[in-house]
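All residue numbers in this chain count up from 1 along the given sequence.
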Amino acid sequence: MTKDEYVGLLGRGIGTWNAWRAEHDEVPDLSSANLRALDLSGFDLSRVDLRRADLRGTRCCGTNLSGAHLEGANFFKAVLDGADLAGAFLYGAAFLNCAQLIAARNWSLAFRDDALGCGAAIPDRISSG
């Protein structure tokens, strides 16, 4: 699928997206995608490539972002309450702060820069390949 097709699938809603993810062993490429101000609450975005994605104002409440590649993504005013960040790659994320992280689940298990230590140990840096 192309990036535009993935974005279109997201636009069809949580039921359609999550059902598609459950049926396909495919890692969507949403790198540099404009997802600004979308409500992605509860979506399964695990392992998705969201490098440099525009997530400004996006609601990700309860979203599964485990293992997602979020390097360089723009999180200005993004809401991450209850989002699962276990194993997510947050290196170089823009406008991401400790208040946003602490509202998420498993944030301390995310690979992140020193600026996002937020009082917890940072996992050893690994290649986000």
Side-chain angles (χ1 to χ4, degrees):
M1 290 179 85
T2 67
K3 193 172 306 186
D4 289 338
E5 289 172 318
Y6 287 127
V7 172
L9 188 60
L10 280 172
R12 292 175 55 196
I14 186 174
T16 301
W17 176 268
N18 285 352
W20 182 86
R21 286 297 310 271
E23 294 171 8
H24 296 84
D25 189 31
E26 190 171 329
V27 178
D29 178 2
L30 290 167
S31 59
S32 301
N34 180 1
L35 305 176
R36 188 175 185 174
L38 292 181
D39 186 351
L40 299 175
S41 297
F43 279 68
D44 178 4
L45 298 177
S46 60
R47 302 180 343 265
V48 171
D49 185 350
L50 289 159
R51 292 172 234 234
R52 298 169 310 284
D54 185 353
L55 299 169
R56 290 178 287 172
T58 301
R59 288 187 53 82
C60 292
C61 300
T63 302
N64 183 355
L65 290 165
S66 62
H69 289 271
L70 295 155
E71 298 94 335
N74 186 335
F75 284 94
F76 185 72
K77 293 190 177 182
V79 179
L80 300 174
D81 297 6
D84 186 356
L85 293 174
F89 297 91
L90 298 170
Y91 304 123
F95 302 105
L96 183 60
N97 61 50
C98 291
Q100 288 168 298
L101 278 182
I102 292 170
R105 294 182 302 115
N106 300 317
W107 65 271
S108 62
L109 302 175
F111 299 99
R112 58 202 193 283
D113 301 306
D114 292 339
L116 293 174
C118 306
I122 297 175
D124 289 335
R125 187 173 189 114
I126 65 168
S127 172
S128 60

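Sequence neighbours left out, the pairs with a member in residues 74-86 that pass side-chain hydrogen bond (donor to acceptor under 3.5 Å, both in side chains) are Asp84-Asn106. Listed by first and then second residue, the salt bridge (charged side-chain N to carboxylate O under 4.0 Å, His left out) pairs that reach into residues 93-103 come to none, sequence neighbours excluded. The salt bridge (charged side-chain N to carboxylate O under 4.0 Å, His left out) contacts involving residues 55-70 comprise Asp54-Arg56, where partners must be two or more places apart or lie in separate chains. Annotation: disulfide bond (SG atoms under 2.5 Å apart) contacts involving residues 65-106, sequence neighbours excluded, comprise Cys98-Cys118. Within the structure, side-chain hydrogen bond (donor to acceptor under 3.5 Å, both in side chains) contacts touching residues 35-50 (residues at least two apart or in different chains) are Asp39-Ser41, Asp44-Ser46, Asp49-Arg51.
Taking Ile, Leu, Val, Met, Phe, Trp and Tyr as members and joining any whose side-chain heavy atoms lie under 4.5 Å apart, directly or through other members, the hydrophobic cluster of Phe95 also contains Phe76.
Connection of Leu30 to Phe89 is not established within any shared hydrophobic cluster, with ILVMFWY side chains joined at heavy-atom distances below 4.5 Å, either directly or through further cluster members. Under the 4.5 Å side-chain heavy-atom criterion for grouping Ile, Leu, Val, Met, Phe, Trp and Tyr, Ile102 is connected to Leu70 within one hydrophobic cluster. With hydrophobic clusters built from ILVMFWY side chains whose heavy atoms lie under 4.5 angstrom apart, Trp20 shares a cluster with Leu38. Cluster annotation: Phe43 and Met1 are assigned to the same hydrophobic cluster (Ile/Leu/Val/Met/Phe/Trp/Tyr, side-chain heavy-atom contacts under 4.5 Å, transitive). With hydrophobic clusters built from ILVMFWY side chains whose heavy atoms lie under 4.5 angstrom apart, Leu45 does not share a cluster with Val79.
Checked against side-chain hydrogen bond (donor to acceptor under 3.5 Å, both in side chains), Trp17 has no partners two or more places apart in sequence or in another chain. With sequence neighbours left out, Ala120 forms a side chain to side chain contact (heavy atoms under 4.5 Å, CB included) with Trp107, Ser108, Arg112.
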Validation: residues 3-12 side-chain donor-acceptor distances under 3.5 Å, sequence neighbours left out:
from, atom 1, to, atom 2, distance (Å)
Lys3, NZ, Ser31, O, 2.6
Lys3, NZ, Ser31, OG, 3.3
Glu5, OE1, Thr2, N, 2.7
Glu5, OE1, Thr2, OG1, 3.4
Tyr6, OH, Glu26, OE2, 2.2

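Nearest approach of Leu40 to Thr63, heavy atoms of both residues: O-OG1, 2.6 Å. Closest non-hydrogen pair, Ala86 versus Leu109, comes out as CA-CB, 4.1 Å. Of all heavy-atom pairs between Pro123 and Ala110, the closest is CD-O, 3.3 Å. Between Thr58 and Ala37 the shortest heavy-atom distance is OG1-N, 3.5 Å. Listed here is the closest heavy atom pair of Ala73 and Leu55: CB-CD1, 4.0 Å.
Remark: Leu101 CG to Leu80 CG distance equals 7.0 Å, nearest 0.5 Å. To the nearest 0.5 Å, the span separating CZ on Arg105 from CG on Asn64 amounts to 7.5 Å.
The shortest side-chain heavy-atom distance between Leu50 and Leu65 falls under the 4.5 Å cut-off.
Asp113 contributes no side-chain N or O that, together with a main-chain N or O of Leu116, makes up a donor-acceptor pair within less than 3.5 Å.
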